[in-house]
Protein chains: 2
Amino acid sequence: MKSTINAKDVAKLAGVSQSSVSRVYFEGAKVSEKTRRKVLAAAEELGYRPNEFARSLITNRTKIIGLVMKGVQNPFYPQVLTQFTAAFKKYGYSVLFVHTNNDEIETEDVETLLNYNVAGVVITDATMSLNVAESFRAHHIPLVFFNRKLSSSDFYSVCCNNLNAGRAIAEYLLMQGSANMAYISGNENTSTSLEREKGFSEVLALHNLEYKKHASDYTYGGGYATALDIIEAGELPSAFFVANDIMALGVLDALQKKGVAVPEQVKVIGFDNIEMASWPGYELTTWEQPIEKMVKETVKYLLSEMAGYTGSAQSVEVEGTLIKRKTT
Amino acid sequence: MKSTINAKDVAKLAGVSQSSVSRVYFEGAKVSEKTRRKVLAAAEELGYRPNEFARSLITNRTKIIGLVMKGVQNPFYPQVLTQFTAAFKKYGYSVLFVHTNNDEIETEDVETLLNYNVAGVVITDATMSLNVAESFRAHHIPLVFFNRKLSSSDFYSVCCNNLNAGRAIAEYLLMQGSANMAYISGNENTSTSLEREKGFSEVLALHNLEYKKHASDYTYGGGYATALDIIEAGELPSAFFVANDIMALGVLDALQKKGVAVPEQVKVIGFDNIEMASWPGYELTTWEQPIEKMVKETVKYLLSEMAGYTGSAQSVEVEGTLIKRKTT
DNA sequence: TTCACTTTTGCATACGTATTCAAAATATGA
DNA sequence: TCATATTTTGAATACGTATGCAAAAGTGAA
């Protein structure tokens, strides 16, 4: 089998010109039904597939989306990854996966994205300096911050409505009769953690209630250690709002270890609704992030920007839902 | 900023030919130190980066590795994904992520990999028909099955030594005084589940011991349901060997729900050593798969095949380690 | 200096596709 | 039927790079 069958080969066999072959494979080009059939038959016979690199070279466009991710320890993100790949596949786009250890995407990875001239970029977990974000803009590469906002917010971002979620959670806990609450935060420089807290504190303030804030880091270990500290300091509240599920699981395990009854002594509510939250061992009440919708919004924007770049910025917020289980 | 600065632009500014610019960026080409400096200075000034697509078009090679994955619900695999991206990055390769829902990779995804003329392919979770695997061979694209073996084993595979692991686990449980054991399998057509069982049963047979096999599916829910069935049928053994950790966690939760004491009444041992196995709520004894080594072996093979294709097949088995915790 | 030899450079070309433009084919209308 | 409008086609070219080949530049010995 010859490894490189090109449009010219197909053209010869089909008895048409290379241009016609090209047109058959180019979305929206005009070809008569007759030549289309001839070309497809010849292509089938030869096992022809258009060379993506030649295409990209001449169109200066690609069908590759760069997806930047950091925290794969949190099961929420792998799920995001697969949903994105599935969603993009529908439109013929493939995903170039970029993993960063640091919070901020490394220059090397930025170069990769630029070298491959990706059609668009999704940043999930990680952050990106303003400089770098601007350089994508200069190249007219659309960019979406997924579940994060850049402080200078003239970039597009898609989030769950964290403010409303925080409010609803506070109201729910109040309704359940909790008065002495605590918030266990994620990494403190993330917009998600800050906004969840903001909504939460707003509502408590309306009821003239104080709450204690404990800084943590969005990891299981962090949640576990933080809860242990709180218990040992004798500062147990009547309810914990934990900034994400994986931390909340750590909190639950710490409570269990210390023999604190959930939800009788302490209520716990998480955020994300990862699969593990529904496990019989946990049955965690939580706030569901509507991943499908968020992904859909992201893809919609990227597709429209790829069709015609505007660089428009917006902060899209999708509403989530409270999932009541056994920890409240 | 002009979006497309090419080698000719750099050449003009540096006062050399386009070929010289090309040679500066081509690994192993000969350029004098003087022109190299001139070119790099000019490139820096213009913000030049070589166009990957033009490169790939002419060299007929790429720096893209296709990574095919199915089960992201099992935390083992996201970890594998990040380790691969990190390892490949060192050598300048990027990862094209392909997610498949079915066990077998879909034709559409195969086409994607071929269209992008990937330099190599890693199949982790999924399987691939012999036909498809052969077509990669026909294109001289090296292929590694990671943690899986194809039945017709003339393709390269890298696994943990599952046979030895199964043996060691049986011996360990025997030493702990268990006699009446049960194996909870993963998907039954996977080489991993079969080989783990084979080693396990070998050793038990040597001691003239029977064991009960329960078919399950490598998911938490599967482990949970299977264990519940066993308990309700009154068939509780003195020890469970569970084919992976995520299932073992389900088993532990089922046992806890039914008030079965672990390890007093039943011992449980898993496989993989995912992060959650070490959580205080579980403390699962398990078998550690040496991911780093497995990844390293895979990358080593792919790099050598990319340097010069041989299509050689081998079944590499890396030894794992028993991690003793509180469930045995 | 001259000559032989090695290294470096530039020219020209090729990779496989999309796209412009003019020519050819086809459809339309009277 | 012919003349005109419309659609389809093919030839030629461009995209940005790598590379074979020959010319140029550099090196070293005598």
Side-chain angles (χ1 to χ4, degrees), chain A residues 2-40 42-43 46-64 92 111 114-119 139-140, chain B residues 2-40 42-43 46-64 92 111 114-119 139-140:
Chain A
K2 188 181 156 198
S3 75
T4 160
I5 290 146
N6 57 24
K8 208 182 285 180
D9 298 331
V10 176
K12 194 186 291 178
L13 180 60
V16 299
S17 73
Q18 179 267 324
S19 328
S20 292
V21 175
S22 170
R23 283 190 260 260
V24 168
Y25 287 90
F26 187 76
E27 199 87 15
K30 289 290 181 190
V31 213
S32 72
E33 208 43 52
K34 200 170 62 181
T35 59
R36 159 167 281 125
R37 268 200 305 274
K38 283 196 288 185
V39 166
L40 288 178
L46 297 176
Y48 169 73
R49 272 167 300 102
N51 181 317
E52 284 298 327
F53 293 94
R55 296 187 118 170
S56 294
L57 178 58
I58 197 157
T59 59
N60 202 25
R61 268 175 289 152
T62 67
K63 292 286 220 172
I64 303 179
E111 300 249 313
L114 293 175
N115 284 348
Y116 281 109
N117 191 20
V118 291
H139 287 266
H140 284 202
Chain B
K2 189 179 154 199
S3 74
T4 161
I5 289 146
N6 58 25
K8 207 182 285 181
D9 299 331
V10 176
K12 195 187 291 178
L13 180 60
V16 298
S17 73
Q18 179 265 325
S19 331
S20 292
V21 175
S22 169
R23 283 191 258 260
V24 168
Y25 287 90
F26 188 77
E27 199 86 16
K30 289 289 181 190
V31 212
S32 72
E33 207 44 52
K34 199 169 61 180
T35 60
R36 160 168 280 123
R37 268 200 305 273
K38 284 195 289 184
V39 166
L40 288 178
L46 296 176
Y48 169 74
R49 271 167 301 100
N51 182 317
E52 283 298 327
F53 294 93
R55 295 188 118 168
S56 293
L57 178 58
I58 197 156
T59 60
N60 202 25
R61 270 176 288 151
T62 67
K63 291 286 217 172
I64 302 179
E111 299 250 311
L114 293 175
N115 285 348
Y116 282 108
N117 192 19
V118 291
H139 288 265
H140 284 203

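Residue numbering restarts at 1 for every chain, and letters A, B, ... go by the order of the sequence lines. Owing to the predicted nature of the structure, the values given are computational and were not obtained by experimental measurement.
Interatomic distance, A:Glu111 CD to A:Asn115 CG, rounded to the nearest 0.5 Å: 6.0 Å. Taking CG of A:Leu57 as the reference point, atom CZ of B:Arg55 lies at 13.0 Å (rounded to 0.5 Å). Taking CG from B:Asn117 and CD1 from B:Ile64, the interatomic distance works out to 9.0 Å, rounded to the nearest 0.5 Å. Note that CG of A:Asn51 and OG of A:Ser56 are 8.5 Å apart. Values are rounded to the nearest 0.5 Å. Atoms CZ and CG, on B:Arg49 and A:Leu114 in that order, are 4.5 Å from each other to the nearest 0.5 Å. Rounded to the nearest 0.5 angstrom, B:Phe53 CZ and A:Thr62 OG1 are separated by 5.0 Å.
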Donor-acceptor contacts, no H, no angles, side chain residues 26-36 of chain B, under 3.5 Å, sequence neighbours left out:
from: B:Ser32; atom 1: OG; to: B:Thr35; atom 2: N; distance (Å): 3.4
from: B:Ser32; atom 1: OG; to: B:Thr35; atom 2: OG1; distance (Å): 3.3
from: B:Thr35; atom 1: OG1; to: B:Ser32; atom 2: O; distance (Å): 3.1

Residues 10-18 of chain A side chain polar contacts: donor-acceptor under 3.5 Å, at least two apart:
from: A:Ser17; atom 1: OG; to: A:Ser19; atom 2: N; distance (Å): 3.4
from: A:Ser17; atom 1: OG; to: A:Ser20; atom 2: N; distance (Å): 3.3

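Proximity note for A:Asn51 (side chain, C-beta onward) versus C:dT17, C:dG10, C:dT19: the nearest is C:dT17.
Of the residues in residues 26-40 of chain A, those placing a heavy atom less than 4.0 Å from an atom of DNA chain D are A:Lys30, A:Val31, A:Ser32, A:Thr35, in numerical order.
As judged by a 4.0 angstrom heavy-atom cut-off over every strand, A:Val21 is placed among residues making no nucleic acid contact. Across all strands shown, A:Ser22 has heavy atoms under 4.0 Å from base atoms, whether or not it also approaches the sugar-phosphate.
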Under 3.5 Å, which protein N or O atoms sit close to an N or O of nucleotides 12-14 of chain C? Give each pair with its distance.
none

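Distance, A:Asn60 CG to C:dT19 C1': 14 Å, rounded to whole Å.
The phosphate of C:dT19 has neither OP1 nor OP2 within less than 4.0 Å of any side-chain N or O from A:Tyr25.
Note that the first and last nucleotides of DNA chain D, 5' to 3', having any atom under 4.0 angstrom from a heavy atom of chain A are D:dT8 to D:dG16.
Scored by the ring pair (Phe, Tyr, Trp, His ring centres under 6.0 Å) test, A:Tyr25 finds A:Tyr48 as partners (sequence neighbours excluded).
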